[in-house]
Amino acid sequence: MCCDAARKSRAVSFTAIIVAAGRGERAGADVPKQVKLLRGRPVIQWSVAAMAGAGASEIVVAASEETLPHVRDLLTPWPVRLVIGGETRSASVRAALAGATAEYVLVHDAARPGLKRAMVDRLLATVRAGALGAAPALPQADMLYRTDAADRITSEVERTGLMQVQTPQAFRTSALKEAYAAAGSERGFPDDISVLRANGVEAVLISGDRALAKITYREDFEVLERVLGGVTCVGSGFDAHRFGQGDHVMLCGVRIAHDRGLQGHSDADAGWHALVDAILGALGEGDIGAHFPPSEPQWSGVASEVFLRHAALLAEKAGARIVHVDITLICERPKFGPHRDAMRARTAEILNLPIEHVGIKATTTERMGFTGREEGIAAQAVATLNCLS
Ligand code: CTP
Ligand code: MG
């Protein structure tokens, strides 16, 4: 679901704050961990796409002054407000919280890319039921030892009753603002539940998710690459256009000379129309007619590239990656063989795919049916997407 649709479907309004102003020193990379790639997409995009998909009414991202232009570029598909973070995590949250307007707020580390919509729903349900603060947490599973500066064990720590607390942490916005105001800006806090508690307000822990592990050290990237496999979504599409007068047809973005043209509201590119429907299908985003109604004059004669770019942008916003597409064109004439590679190249360019991941095939119906009688051209398409789970 795109963010607008997700927002409309949700009764509760919440601000999503994503803190991304840290330096990532322990991860030891040349760039901060939140802009590094994880499964082919910058870490920061994972959380922003998840919050948008979960229906956030506003998304505020705190970035450092140096990385802000780069972060802004990475987040262009989403309506995000960027603020400059501070020296500590809590200073970054404070900067983002100042303009938060929704009734509830979720504060999340950019360094935790494995956020699922179900977690947002559970946190919101907890604060709506009356808790002033709520966070996901997992019981401490490993043995704990206290050590000295030389990593020598000095004592055992009883782990019963110890919980590892994750983000997002959810709050009634007024309660978190009050807690930050009371805390003063000198002291740094490790998370936001601790700011709330310092103001004498208790929070609720709900069961956490291992996929929400934080990227802290270099090797955490490898672990999360494996954990965040996503789900494979496959969409299919079909389209047909009738022949009329003309001297060419447009198919998969390529102009092919022919003794007839294709009729349609746009440029009648049946191949790309089928493909757009396949992508929309994989995203659960309805069909091409819902996004570009034929009744609206601005789509008259428009190049179908506009539709395809729109579908690709919706996929990006949803945190989905188009991994493969396959189109079958059905007609007796014209012959597509000489144009196949140009069609694949155009499609690959727009979808930012390697050309090997674009299939284009042609077939006839042995002179049967409407394509056999050369009344028009039909196309079907399949799109395979890797979607957030
Ligand atoms: N963060 C922030 N502002 C800071 C410090 C941290 O917004 N001044 C954010 C980080 O970008 C991260 C989250 O808070 O998304 C959790 O912090 P942490 O894992 O400690 O990240 P870094 O501070 O970037 O890493 P390190 O401590 O290793 O330098
Ligand atoms: Mg830090």
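Since this is a predicted model, take the numbers as computed values, not measurements. Counting starts at 1 for both ligands and their atoms, following the listed order.
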Residues at least two apart in sequence or cross-chain that pass side-chain hydrogen bond (donor to acceptor under 3.5 Å, both in side chains) with Glu305, listed by chain then number, are Arg309, Arg346
Does [X] reach ligand 1 with a nitrogen or oxygen that is under 3.5 Å from one of the ligand's nitrogen or oxygen atoms?
X: Thr216; result: no
X: Ile215; result: no
X: Ala27; result: no
X: Ala110; result: yes

Protein contact of [atom] - nearest heavy atom, named by residue and atom, plus distance:
atom: atom 27 (O) of ligand 1; result: Arg26 NH2, 2.9 Å
atom: atom 15 (O) of ligand 1; result: Val19 O, 2.8 Å
atom: atom 7 (O) of ligand 1; result: Ala21 N, 2.8 Å
atom: atom 23 (O) of ligand 1; result: Gly22 CA, 3.8 Å

Within the 4.0 Å heavy-atom cut-off, what Ala20 brings close to ligand 1 is backbone
**Asked** Just checking, any donor-acceptor pair under 3.5 angstrom between side chains of Thr160 and Glu158?
**Response** yes
Discussion item. Checking side-chain polar atoms at under 3.5 Å, does Ser47 have a donor or acceptor matched by the opposite partner on His108?
Written reply: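 Yes, His108 and Ser47 have a side-chain donor paired with an acceptor closer than 3.5 Å.
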Closest to atom 21 (O) of ligand 1 by heavy-atom distance, out of Gln34, Lys33, Lys214, Glu87, is Lys33
Closest to atom 8 (N) of ligand 1 by heavy-atom distance, out of Ser64, Gly86, Gly24, is Gly86
Quick test of your reading of the model: are [X] and [Y] salt-bridged, counting only N-O distances below 4.0 Å?
X: Glu202; Y: Arg197; result: yes
X: Arg333; Y: Asp259; result: yes
X: Arg89; Y: Asp109; result: yes
X: Arg367; Y: Glu374; result: yes

Using a 4.0 Å cutoff against the non-hydrogen atoms of [X], which atoms of ligand 1 qualify?
X: Ser92; value: 2 (C), 3 (N), 4 (C), 7 (O), 8 (N)
X: Arg23; value: 24 (O)
X: Ala111; value: 15 (O)
X: Glu25; value: 25 (O), 26 (P), 28 (O), 29 (O)
X: Asp109; value: 13 (C), 14 (O), 15 (O), 16 (C)

Run the salt bridge (Lys or Arg N to Asp or Glu O under 4.0 Å) test on Arg23 and Glu66 for me, step by step, so that the C-alpha distance in whole Å, both residues' side-chain angles and the decisive distance to 0.1 Å come before the verdict.
CA-CA 10 Å; Arg23 294 197 181 89; Glu66 310 85 75; 5.3 Å; no
At the 4.0 Å heavy-atom cut-off, does Thr88 count as touching ligand 1? yes
### Query
Are Gly85 and ligand 1 in contact, using a heavy-atom cut-off of under 4.0 Å?
no
Assess whether atom CZ of Arg39 is packed by more than 12 heavy atoms of other residues, nucleotides or ligands within 6.0 Å. yes
Of all heavy-atom pairs linking Arg172 and Val127, the shortest is N-CG1, 4.4 Å
**Asked** Taking only residues at least two apart or on different chains, which pairs with a member in residues 217-229 satisfy side chain to side chain donor-acceptor pair (under 3.5 Å)?
**Response**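 Qualifying pairs: none.
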- prompt: Hey, is atom 17 (O) of ligand 1 touched by any protein heavy atom at less than 4.0 Å?
  reply: no
Answer yes or no for Lys33 and Phe221: cation-pi contact, defined as NZ/CZ to six-membered ring centre under 6.0 Å and angle to ring axis within 45°.
->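 Checked: cation-pi criterion not met.
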